[in-house]
Asker: 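I have a structure I would like to understand better, so I am pasting it below and will then ask my questions one at a time.
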Amino acid sequence: LMRRIFAVAEKRFPEKIGRISYREAIDRFGSDAPDMRFGVEISDLTEASTGSGFPVFDKAAGSGGVVRGIVAPGCARYSRREIDELTEHARRFGAGGLVYFKRGDTEIQSPAMKFLGPERAASLMDRMGAKVGDLALVVADTREVAAKSLGALRLEIAKRESLKPDDVWALVWVHEFPMFELRPEDRSITPCHHPFTAPVPEDLHLLMSEPLKVRARAYDLVLNGWELGGGSIRIHREEIQKQIFTVLRMTPEQASEKFGFFLQALRYGAPPHGGIALGLDRIVAMMTGAPSLREVIAFPKTTSAICLMTGSPSPFEPEQLKELHLRLDLPPRT
């Protein structure tokens, strides 16, 4: 399908479609929809910076966090104002701050130099692959915050330095997403995708004991940092589906009441099955070079959710509500 779409748009289809796991995408690019047209990958400095004497690094590593960074090629020329802008950009994505290193011909400049010393600083720069004239940007925080903030910085550097080639199409499958996550409000377990997504067979033994480590047979198709579509392989065995409901703290009675028809259908021998849904508007936007999805949507809504074509939402007659058996007069709160 994608090959046909590229042909219609008169674009050259990529010679190779990449494949990367969710965990690798997050660790290397800070995003589950990575733009792989350029480098500037995230490096892990946690082990190399342990016991460095730099409080920011030691605190992160000692509390179960990480020390990670990216290299902005040729950006050692950046002024303090430009670095402050990048620091503020990282803070918008949760980072507490940003540690920078400028590699010159004979020395490395960094506010952390008095703690690290020339040798350890040079070792960290070498580990990141930083060359003379490069700027290294390091975040010491939780794994999630480091990924999110460095992923955002990576895209910002690419924008400032024009690192994204316009004539390159990087198509990649991202797979093995987490099966479950914790709700922020009450820390209860909830599905990342939906409760009918099949777990990776190798992780079935973790389902009841360590569900947050279970990977799902879910996948996304990503093009140049845009998620074009996603889907999953569905559960087709009743015993596995019942285990998923148990993990979600659903009693057998609740499962039967809400999904009894589905569990019964699985007893009849549903075959392995799956699917994917593609976002045609995103594909058209990319193929046409549109700056926004709004440019290719037939009837886009305004920021106030008003349809300029139909004037919706609009006033209604009481008879319409009566016909639809709807009431708006809610009972008073007690």
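Heads up: numbering here begins at 1 and tracks the sequence.
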Asker: Between Glu295 (side chain) and Ser292 (backbone), is there a donor-acceptor pair under 3.5 Å?
Answerer: no

Asker: Could you walk me through whether Leu155 and Lys164 pass side chain to side chain contact (heavy atoms under 4.5 Å, CB included), step by step?
Answerer: CA-CA 9 Å; Leu155 296 178; Lys164 298 180 182 180; 4.2 Å; yes

Asker: Would you find more than 12 non-hydrogen atoms of other residues, nucleotides or ligands less than 6.0 Å from Asp186 atom CG?
Answerer: yes

Asker: So with a 6.0 Å cut-off around CZ of Arg127, is the heavy-atom count from everything else above 12?
Answerer: no

Asker: Is a side-chain donor or acceptor of Thr197 paired with a backbone partner of His193 at a separation under 3.5 angstrom?
Answerer: no

Asker: Can you check whether Thr251's main-chain N or O pairs, donor with acceptor, with Gln254's side chain at less than 3.5 Å?
Answerer: yes

Asker: Does Thr142 use its side chain to pair, donor to acceptor, with the backbone of Gly65 at less than 3.5 Å?
Answerer: no

Asker: Hey, does Leu1 have a side-chain heavy atom less than 4.5 Å from the side chain of Phe6?
Answerer: no

Asker: Are any non-hydrogen side-chain atoms of Ile108 and Met113 less than 4.5 angstrom apart?
Answerer: yes

Asker: Do you know the tightest heavy-atom contact between Val247 and Met208?
Answerer: CG2-SD, 4.0 Å

Asker: Side chains of His175 and Arg19: does their closest heavy-atom pair fall under 4.5 Å?
Answerer: yes

Asker: Quick check: Phe262 with Phe259 (ring centres under 6.0 Å apart)?
Answerer: no

Asker: Do other residues, nucleotides or ligands put more than 12 heavy atoms under 6.0 Å from the CZ atom of Phe261?
Answerer: yes

Asker: Any non-hydrogen side-chain atom of Asp167 less than 4.5 Å from a side-chain atom of Arg12?
Answerer: no

Asker: Assess, by modelled atom type and distance only, whether the side chains of Ser52 and Arg120 contain a donor and an acceptor separated by less than 3.5 Å.
Answerer: no

Asker: Please confirm whether the backbone N or O of Pro195 pairs with a side-chain atom of Gln241, one donor and one acceptor, at under 3.5 Å?
Answerer: yes

Asker: Around atom CD of Glu257, are there more than 12 heavy atoms of other residues, nucleotides or ligands at under 6.0 Å?
Answerer: no

Asker: Nearest 0.5 Å please: distance from the CD1 atom of Ile283 over to the CE atom of Met2.
Answerer: 4.5 Å

Asker: What distance separates Asp58 CG from Phe115 CZ, expressed to the nearest 0.5 Å?
Answerer: 10.0 Å

Asker: Apply salt bridge (Lys or Arg N to Asp or Glu O under 4.0 Å) to Arg154 and Asp35, showing your working.
Answerer: CA-CA 10 Å; Arg154 176 177 181 267; Asp35 190 337; 5.9 Å; no

Asker: Regarding Asp141 and Arg68, does a basic nitrogen lie under 4.0 Å from an acidic carboxylate oxygen?
Answerer: no

Asker: Looking only at heavy atoms, what is the nearest atom pair of Ile157 and Leu137, with distance?
Answerer: CD1-CD1, 4.3 Å

Asker: Answer yes when Arg160 and Glu85 have at least one side-chain N-carboxylate O distance shorter than 4.0 Å, and no when they do not.
Answerer: yes

Asker: To the nearest 0.5 Å, what is the distance between CG (Leu223) and CG (Leu228)?
Answerer: 5.0 Å

Asker: Could you check if a side-chain atom of Ile276 sits within less than 4.5 angstrom of a side-chain atom of Tyr219, using non-hydrogen atoms only?
Answerer: yes

Asker: Hey, does the side chain of Arg282 reach the backbone of Leu293 with a donor-acceptor pair shorter than 3.5 angstrom?
Answerer: no

Asker: Kindly check if the number of other-residue, nucleotide or ligand heavy atoms within 6.0 Å of NZ (Lys102) is above 12?
Answerer: yes

Asker: Looking only at non-hydrogen atoms, find the nearest pair between Val99 and Ser110 and report the distance.
Answerer: CG1-OG, 4.2 Å

Asker: Should we count CZ of Arg187 as having more than 12 external heavy atoms under 6.0 Å?
Answerer: no

Asker: Just so I know, are the side chains of Phe101 and Leu135 near enough to count as touching, which here means a heavy-atom distance under 4.5 Å?
Answerer: no

Asker: Looking at Ala146 and Val139, what are the two nearest heavy atoms and their distance?
Answerer: CA-CG1, 4.0 Å

Asker: Over all heavy atoms of both residues, which pair between Ala121 and Leu116 is shortest? Give the atoms and the distance, please.
Answerer: N-CB, 4.4 Å

Asker: Are more than 12 heavy atoms from other residues, nucleotides or ligands located less than 6.0 Å from atom CD of Glu119?
Answerer: no

Asker: Are side-chain heavy atoms of Cys192 and Phe177 found at a separation under 4.5 Å?
Answerer: no

Asker: Can you get from Ile20 to Leu171 by hopping between Ile, Leu, Val, Met, Phe, Trp and Tyr side chains that sit under 4.5 Å apart?
Answerer: no

Asker: Taking all non-hydrogen atoms of both residues, which atom of Lys11 and which atom of Trp169 are closest, and how far apart?
Answerer: CD-CZ2, 3.8 Å

Asker: Say whether, by atom type as modelled, one donor and one acceptor occur between the side chain of Asp281 and the main chain of Ile297 under 3.5 angstrom.
Answerer: no

Asker: Using modelled atom types and a 3.5 Å cut-off, is there a donor and acceptor pairing between side-chain atoms of Arg234 and backbone atoms of His273?
Answerer: no

Asker: Before accepting this row, confirm whether a basic side-chain N of the pair Arg103/Asp126 lies closer than 4.0 Å to the acidic partner's carboxylate O.
Answerer: yes

Asker: Does the Ser31 side chain pair with the main chain of Ala33, one donor and one acceptor, at a distance under 3.5 Å?
Answerer: yes

Asker: Under a 4.5 Å cut-off applied to non-hydrogen side-chain atoms, are Arg80 and Tyr100 in contact?
Answerer: yes

Asker: Measure from the side-chain N and O atoms of Lys242 to the backbone N and O of Arg237, and report whether any donor-acceptor pair falls under 3.5 Å.
Answerer: no

